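The structure appears below as structure tokens.
As the structure is a prediction and not an experimental result, all values here were calculated from the model. Order of appearance sets the numbers: ligands from 1, and atoms from 1 within every ligand.
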Amino acid sequence: MARLTHKHILLGVTGGIAAYKSAELIRRLRDAGAEVQVVMTEAAQSFITPLTLQALSGNPVHVDLLDPTAEAAMGHIELARWADLFLVAPASADAIARLAQGIANDLLTTCWLAAAGKKAVAPAMNQQMWADPATQANLDTLRQRGVAVFGPGAGVQACGDVGAGRLLEAVELAGLCADQFQSGQLTGVEVVLTAGPTREALDPVRYLSNHSSGKMGFALAEACREAGARVTLIAGPVHLPTPERVQRVDITSACDLLAASETAVTQAVARVGSARTVFIATAAVADYRPARVAGQKIKKGDKDDTLELTLIRNPDIVASIAARADRPLVMGFAAETHAVEDYARDKLARKRLDLIACNDVSRSDIGFQSDDNAMVVFWPDAALPAGVGRAELAKASKTQIARQLVSLLAARLPASESAGHAPAPGDPSQTRHADEQL
Ligand code: PMT
């Protein structure tokens with residue numbers, strides 16, 4: 001959940017038995033890369049101590065509006081301004097009522113009024129209190145002001161009642177926090193994305209492959225999801241966890257990858273149309289495979305100093321997708337060790353791509369295996385003398401590079417769902433400024 005990297009989350013904890021869950025929530029938010037500050041009401045401190053939340057958040061917990069020492073360290077206005085997202089969890093019926101009414105009679109409610117960033121509440125209360133029209137009216141008021149309401153869940157409650165009013169689990173709350181930072185650039189779009197290496201079997205124990213770790217493709221899958229797309233990630237053999245809410249299909253060889261890609265694109269186009277479907281080919285596909293796969297392990301003879309293999313060409317997956325009558329927007333990658341930009345521009349034209357992102361895989365600090373990358377992206381642009389637009393993405397984490405690639409992609413999609421088919425490469429109506437420096 002890299003979406004929370006460096007995000008500032010101000011967590012407001014109010015009084016209720018579910019306050020203990022704030023400890024796990026802080027851990028989840030920090031695991032996702034967020035910085036967390038905590039403000040507690042007086043009642044919350046009867047359920048969990050500030051010391052516990054201080055230890056977990058790594059920051060002093062804020063409890064008192066009128067504490068000059070705390071104010072000297074980080075005043076409440078500064079705290080409110082610091083927050084990218086102010087989440088009150090658990091939010092008691094009383095806290096929700098005070099927030100809805102604009103009452104500022106303690107530190108938490110004062111910070112709430114002073115906060116200009118995103119706001120959310122995660123209600124937790126008895127099911128009857130939840131169902132009460134006063135509570136529902138207060139929540140409607142908050143919703144109308146743009147406050148997100150996370151949950152509540154339903155089930156057996158601490159008081160023994162059964163019904164709605166349970167605080168959502170920490171993992172769900174952390175996911176919903178991350179969703180608040182979705183750019184929405186790919187809302188309504190289906191992305192089919194390939195990642196990792198392929199393996200081309202020689203015999204039951206050996207194969208031809210390459211150094212791709214899948215990191216770039218997985219980061220892109222997450223960035224597309226973060227931007228609101230529905231994502232199908234077709235992955236070669238890699239050791240990476242599946243990004244949340246991404247559909248994963250595992251494959252081994254280039255032929256498997258072609259079949260899985262054709263199926264996923266057909267399904268995506270059927271759901272949203274070709275104009276709202278994107279195919280991204282990050283996978284490092286083996287260009288050739290052994291002409292014959294031995295049924296048993298190939299044995300070396302005493303006198304065999306050499307072994308000759310005959311390789312046959314694999315299908316070109318990205319070119320096949322780009323050649324479909326119902327072609328989606330297609331983005332290829334190019335991994336080169338020299339003349340990187342020249343080869344990339346050639347592949348852009350030859351494979352009839354809408355964009356190509358190239359990287360120099362001769363460098364050890366970027367490209368294969370690394371957590372970082374640096375890329376140059378090209379796209380056809382008939383309006384430019386060179387016929388191509390160009391954007392340079394300076395060295396950054398693959399997560400950050402992926403987000404920039406999403407922006408470039410989104411800019412090349414037709415403006416609305418009512419738009420027609422994906423533009424032909426070179427369509428000037430789809431152009432973006434040349435030499436964009438992201
Ligand atoms: O996985 P990482 O360790 O994070 O490394 C990331 C990466 C270096 C693998 C990635 O950034 C990258 O460059 N991926 C493309 C690798 C590649 O196969 O490049 P290529 O220049 O050989 O192929 C050009 C394009 O054609 C690619 O989009 C490739 O997916 C596609 N292709 C290639 C051959 C083939 N038979 N079918 C294809 O679809």
The protein heavy atom nearest to atom 14 (N) of ligand 1 is T282 O, 2.8 Å
Contacting atoms of ligand 1, where contact means under 4.0 angstrom from a heavy atom of A281:
27 (C), 28 (O), 30 (O)
Taking atom CZ as the centre, does R292 end up with more than 12 heavy-atom neighbours from other residues, nucleotides or ligands that are less than 6.0 angstrom away?
no
Check for me whether A283 has a heavy atom closer than 4.0 Å to any atom of ligand 1.
yes
Can we say D381 and R390 salt-bridge, meaning some charged N sits less than 4.0 Å from an Asp/Glu carboxylate O?
no
Judged on heavy-atom distance to atom 27 (C) of ligand 1, which of F333, Y343, Y288, F218 sits nearest?
F333
Close-contact set for ligand 1 against K351 heavy atoms, below 4.0 Å:
24 (C), 25 (C), 26 (O), 31 (C), 32 (N), 33 (C)
Shortest protein contact, atom 37 (N) of ligand 1 (heavy atom only):
I317 N, 3.1 Å
A254: heavy atom below 4.0 Å from ligand 1, yes or no?
no
Protein heavy-atom partner closest to atom 22 (O) of ligand 1 - residue, atom, separation in Å
K347 NZ, 4.1 Å
If I compare all heavy atoms of R289 with all of P315, which pair ends up nearest, and what's the gap?
NH1-CD, 3.9 Å
Below 4.0 Å, non-hydrogen atoms only: which portion of M216 touches ligand 1? Side chain, backbone, both or neither.
both
Evaluate N314 for polar contact with ligand 1, using N/O atom pairs at a separation under 3.5 Å.
no
Report yes or no: do S397 and Q400 form a side-chain donor-acceptor pair below 3.5 Å?
yes
Using a 4.0 Å heavy-atom threshold (strictly under), name the region of P315 that reaches ligand 1: side chain, backbone, both or neither.
backbone
Nearest to atom 11 (O) of ligand 1, what protein heavy atom do you find, and at what distance?
N359 OD1, 2.6 Å
Those atoms of ligand 1 less than 4.0 Å from some heavy atom in G332
28 (O)
Would you be so kind as to tabulate the donor-acceptor pairs closer than 3.5 Å made by side chains of residues 295-303, with sequence neighbours excluded?
none

Extract all donor-acceptor atom pairs below 3.5 Å that involve side chains of residues 113-120 and protein atoms in other chains or at least two apart in sequence.
{"from": "K118", "atom 1": "NZ", "to": "Q180", "atom 2": "O", "distance (Å)": "3.1"}
{"from": "K119", "atom 1": "NZ", "to": "W112", "atom 2": "O", "distance (Å)": "2.8"}
{"from": "K119", "atom 1": "NZ", "to": "A115", "atom 2": "O", "distance (Å)": "3.3"}

Is it the side chain (CB and beyond), the backbone, both or neither of V318 that lies under 4.0 Å from ligand 1, heavy atoms counted?
both
D140 with R143: basic N within carboxylate O range, under 4.0 Å:
yes
With heavy-atom distances below 4.0 Å as the criterion, list the atoms of ligand 1 near K215.
1 (O), 2 (P), 4 (O)
Are there over 12 heavy-atom neighbours, none belonging to Y207, within less than 6.0 Å of that residue's OH?
no
If we only consider heavy atoms of G367, is any one of them less than 4.0 Å away from an atom in ligand 1?
yes
Just checking, any donor-acceptor pair under 3.5 angstrom between side chains of Q185 and S407?
yes
For atom 2 (P) of ligand 1, what's the nearest protein heavy-atom neighbour? Residue, atom name and distance, please.
S213 OG, 3.3 Å
Verify side-chain contact (heavy atoms from CB on, under 4.5 Å) between Q247 and I234, making sure each step is shown before the conclusion.
CA-CA 8 Å; Q247 178 89 18; I234 307 173; over 6 Å; no
Give the atoms of ligand 1, by number and element, whose distance to some non-hydrogen atom of G214 is under 4.0 Å.
1 (O), 2 (P), 3 (O)
Got the closest protein heavy atom to atom 34 (C) of ligand 1, with its distance?
D287 OD1, 3.2 Å
Which protein non-hydrogen atom lies closest to atom 9 (C) of ligand 1, naming both residue and atom, and how far is it?
F368 CE2, 3.6 Å
Check the orientation of Y343 and H338. Use parallel for under 30°, tilted for 30 to 60°, and perpendicular for over 60°.
perpendicular
Go through ligand 1 atom by atom and flag the ones less than 4.0 Å from a non-hydrogen atom of V361.
8 (C)
With nothing but distance in play, are any N or O atoms of S212 less than 3.5 Å from an N or O of ligand 1?
yes
C224 to I280 - nearest heavy-atom pair and separation:
SG-CD1, 3.9 Å
Does the residue K398 have a heavy-atom contact with ligand 1, meaning some pair of atoms that are separated by less than 4.0 Å?
yes
Candidate with minimal heavy-atom separation from atom 19 (O) of ligand 1, of A219, A335, A357, A322:
A335
State the atoms of ligand 1, each with its element, that fall below the 4.0 Å cut-off from a heavy-atom position in D316.
35 (C), 36 (N), 37 (N), 38 (C), 39 (O)
List every atom of ligand 1 that sits less than 4.0 Å from any heavy atom of A284, numbering the atoms from 1 in the order shown and giving each element.
16 (C), 17 (C), 18 (O)
Do the side chains of K351 and D316 get close enough for a salt bridge, i.e. N-O under 4.0 angstrom?
yes
Nearest heavy-atom contact between P328 and V265 is CG-CG1, 4.1 Å
Is the closest basic N to carboxylate O distance between E226 and R403 below 4.0 Å?
yes
